[in-house]
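Convention: sequence-line order gives letters A, B, ...; per-chain numbering from 1. Predicted model, so just to flag it, every value in this text is computed and none were measured.
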Amino acid sequence: MREAWITGIGLLTALGPDRETTWRRLLAGETGIRPLTLFDTSGYRTHLAAQVDDAAFRLPPLPCQPDRHTSRASRFALAAAAEALADAGLPVSAEARNWALVLGGGTAGLFEAESFVARRLRGGPRVRGLGELVEVPQDSPSDRVARCFGLTGPRITVTTACSSSTIAVGIAAELVCDGDVPVALTGGSDALCRLTYAGFNSLRAVDPDRAKPFDRRRKGLSLGEGAAVLVVEEAEHARRRGARPYARVLGYGVTNDAFHMTQPEPSGVAWERTVRAALADAGVAASDVAYINGHGTATEQNDPAECAAYLRVFGERLASVPVSSVKGALGHCLCAAGGIEAAVTALAIARVTLPPTAGFAEADPACPVDAIPGTGRPGTPHVALSSSFAFGGNSGVLVLGSCA
Amino acid sequence: MSAPRIFVRSTGAVSAAGTGVEGLLQALADPAWQPQLGIERPDAPPLPVAACREFSPGDVLPPLVARRLDRPARLLAVAAREAIRQLGDPLPWARERVGVCAGTWNAGTSALLEVLRAVFLTSPEEAPPAQFPSTVANAPASQLGILEKLGGPNLTFAEKQVGGLRAVAEAGRLLARGRADATLACGVDEADWLNAEGYDRLGTLRTSAHPGMVLAEGAAVLVLACEPGPAPLAVLAGWGSASGPAAPHRYPDDPAPLVAACRQALERSGLAPGEVGLVVSLANGIPVLADLERHALSALFGTYRPAAVGTAERLGEGAVAGALRALVATHAVGVGASLAWEPPASLTAAGFPPATAPVRAALIPGLAGGGSAVALVLTAP
C-alpha cells in the first residue's frame, strides 16, 4: 500500500515571506494582524487584517516570467510552490513532469478585477483587452503554477470556501496513494480583496480588534491572505531520492452538515462525523491523536461548535489534547487557510513543537480546550488533525502522522 | 480489491432548452432548434449567452424555499429534484451518505456583482449580508445539500470549461473510495455579464463577424452510485485527467493533454479506442479548440471514426456544458436516445459520422482554457 509523504513546504503569510520566518514568528506568539493597507478601509467598520507584507515579499527566481496580469494570489502561489519544490530537493524548473496539482481555489484575481468592476459600475471609460479580468476564474493560480513548473498531470481546483485547501491536500494524497501520480503539489492561495472584507463585515463576523480564537473575549475573525504549497510524494519515490519527510498524510474526512450557509450546526454532531470519517480513513483511533490544529476562527458560533465536536470524539481526554489555532496570528486566509494549517501541522510533527494560539488569553467554558497560550511548546504529535469547517457546511479534516 | 462499478442512476437538467431532460433531448434532436441568445449588461449591447429564459422554480420548489436561493442554486435544485424524483422515496441510501460534486465556471458572480455594487456605489457598510454567502462558488452545491439534507462530501470544482466533467470524475472517485454511497455529480453556471464581457473582450464570443462560443446557463445532474440502487442508465466506466501549459485564458498549443486524458479514461474503463461508439464533442464554436479536438481524436483513433455529436455550440459553453454532454452520453448508451443530429463541422470534415445507430460506449473529452483536460467514458449497463 502506497503512502503519501509531505516532503516539501512553501509558506507565505502575514508573518513572513517564507516557511522559516513564518514558523519562527508563529512559535514566538507574534501576530501578523495589523492595519490593512492594500485598499482604503475608511468606509469599512473594521480596519485590520493579516496582510502579506509587500515590502518583504519578493518573488523568488522562477522558471517563468509572470506577466503584468499575474494576480497577487497567483504570485503568492508561485512563490510558495517554488519554495516547496526547493525544500523537497526537487528541480525548480519548467521541465515537464507528470505530477498533479491540487489547489484550493479562492478569490484568484478578484482583487485586480474589482478595479475593473468599479470603473464599469461607475460608468467609466471602456477599454479594450482582457486586462484585469484575466484571473477572474478561480483556477487561474492553478493554471499559473502548473504552467510555470511544468506540471502535466491532473490539475484540480477545489472551491469549498474555507475548507478548500484542506480537501485539496486530501485529494492530492489520494492521487498519490492510488498510484495516479508519484508527486502532487497541493495547498492553496488567497488574497485579500474588497468583496470578502465587506462581506464578512456585513455578517458582523469580523473582530474590530485582532482575532482571539477560543478566548472568552472573542468577537470574530480577522481576515488574512497568503499561500501554502506542500509537496506530497509517494513514499518509495521519496526514499529512492533520499528525501526527508515532514509528515505523512494518513487520511482525510469530508462531509457536509446540511444545516445552514453561514452558521455551524451548534451541537457539534455534524463536525463529529467529519472527524470520525477522517480517523476511520486514516485507520487510527481517537486515542492516537496528540494535537489538533483547529479551525478556530474566533467567531462566537464557530469555536464552541468546533470544541463540542472534539468533545464528542475525544471525551474527557480532550483536556490532554492541545488544540491551537493559527488564525490569531495569520488571520483567516479563507481558501488558503487549510493548506497553511496543514503545513503548520506537518512542521509541528517534524519539529516536535506545537504552535500557540496568538490572541488567546482567557479561557471560555464553551471552548474547553488547551489552546496553547503564549508561545509554542514542545510536543510529540505522532498523529495530529488539521480541521477546516466552511461556509455551506463543507467540512474537511486531515490526519497527519509522523513518518518514523 | 477490484474497483466497484459505478452507475449513473438518474439525471436531471435545466438548460436553455427548458426544464427537464426529455425536453432537452427533444430540442437537441430538432435541427431547427436554437436558443434565444442575449444577456443585458450596463451601458453596452447584450452578449451571447444561452440563458434559461423560461426558467421558473415555482413548479418544483416551494416559494419560501426558492426565495432564499440565488439563481444558480435554484437552477441546480430544480435539476436535482428531477434526478432525485426518479430514485424513489425514501432514497435507496441514507442521506448522510449522499454527496454532491459540482463543477462551475461562474456561480456566484451575480451575487458578487451585487455586493460590489454596494461597496463601490453606496458604501462598504451597505454590502448586503444576505447576498455575500452566495458569492462563493460552492453556494449552489451547499444549498442543495441543505435543501435535500445530504450529509455526504460536498465538493465544488472551479475549472472553467471542464468543471462539470471534473465533478463527475471526482464523484466517481468518492464512490470508489467509499466516501459516499451515492453522489449527485453536477454542473451549474449562471448568466452573468462580467464573465461574458471578459470573453467578449478576449474576442472569443460568437458575433455576426466571426465564429466563437456562446456561454451557457443551466444545471445538469447525474446521480452516481454503486450497488444497491435503482436500475442504472449507464456505467461511469472511466475517467482521465491531464494538463498542458497555457495562460488562464488560452487553450494550450498542443492537444497532448487531451489525448492523455482520453487514453487514461479508456484505460481505466478497459476499452480500446475502437470500442468507442460515440464521441460527445467538446466543440464550442471556437476554431482553435475544434482543431485541438480534431487532432487529439485523430491521434487517439487513428483511422477509426466513431460517431460524433456536439451540444455546446447550441446549449452554450461552461462547466455545465460538460455535465450536459455527460448527460446526453448517458441517455445515448443507456436508453438509446436518438442523437442523430450533425456532428460539429470540424469533426464532420475529419470523417466522424452522425450517431445514427445505438452505441454501447461514449467518450466525453474536455479541455479548459489554461490547459486542464478531463475525459469520461460512459458505457451501457
For [X], which atoms come within 4.5 Å of any heavy atom of chain B: side chain, backbone, both, or neither?
X: I167(A); answer: side chain
X: H69(A); answer: neither
X: T152(A); answer: both
X: F259(A); answer: backbone
X: I171(A); answer: side chain
X: E132(A); answer: neither
X: N98(A); answer: neither

Please check this pair: side chain of [X] against backbone of [Y], looking for a donor-acceptor N/O pair closer than 3.5 Å.
X: R155(A); Y: G370(B); answer: yes
X: K149(B); Y: A258(A); answer: yes
X: S243(B); Y: G153(A); answer: yes
X: R120(A); Y: P42(B); answer: yes
X: N138(B); Y: F391(A); answer: yes
X: R201(B); Y: L133(A); answer: no
X: R117(B); Y: A118(A); answer: no

Quick check: under 4.5 Å, non-hydrogen atoms only, which of residues 191-198 of chain B neighbour chain A? W193(B), L194(B), E197(B), G198(B)

Which portion of [X] sits near chain A, non-hydrogen atoms under 4.5 angstrom:
X: L121(B); result: side chain
X: P252(B); result: neither
X: E126(B); result: neither
X: A247(B); result: both
X: R97(B); result: neither
X: P257(B); result: neither

Any salt bridge between R250(B) and D143(A), counting N to O under 4.0 Å? no

D180(A) and R268(B) ion-paired at < 4.0 Å: yes

pair [X]-[Y]: side-chain heavy atoms closer than 4.5 Å:
X: T135(B); Y: L195(A); result: yes
X: L203(A); Y: F132(B); result: yes
X: F157(B); Y: T159(A); result: no

Should we say atom CD of E114(B) is surrounded by more than 12 heavy atoms from elsewhere, each under 6.0 Å from it? yes

Give a yes or no on whether E125(B) atom CD has more than 12 heavy-atom contacts from other residues, nucleotides or ligands under 6.0 Å away. yes

Testing the basics here: between [X] and [Y], what is the closest heavy-atom pair and its distance to 0.1 Å?
X: S123(B); Y: G43(A); result: OG-O, 4.1 Å
X: A137(B); Y: Q138(A); result: CB-OE1, 3.1 Å
X: A161(A); Y: V136(B); result: CB-CG1, 4.5 Å
X: S140(A); Y: P248(B); result: OG-CB, 3.9 Å

Can you confirm if the NZ or CZ of R179(B) lies within 45° of the ring axis of Y252(A) and under 6.0 Å from the centre of its six-membered ring? yes

Looking just at side-chain N and O atoms, do S142(B) and N394(A) make a donor-acceptor pair shorter than 3.5 Å? yes

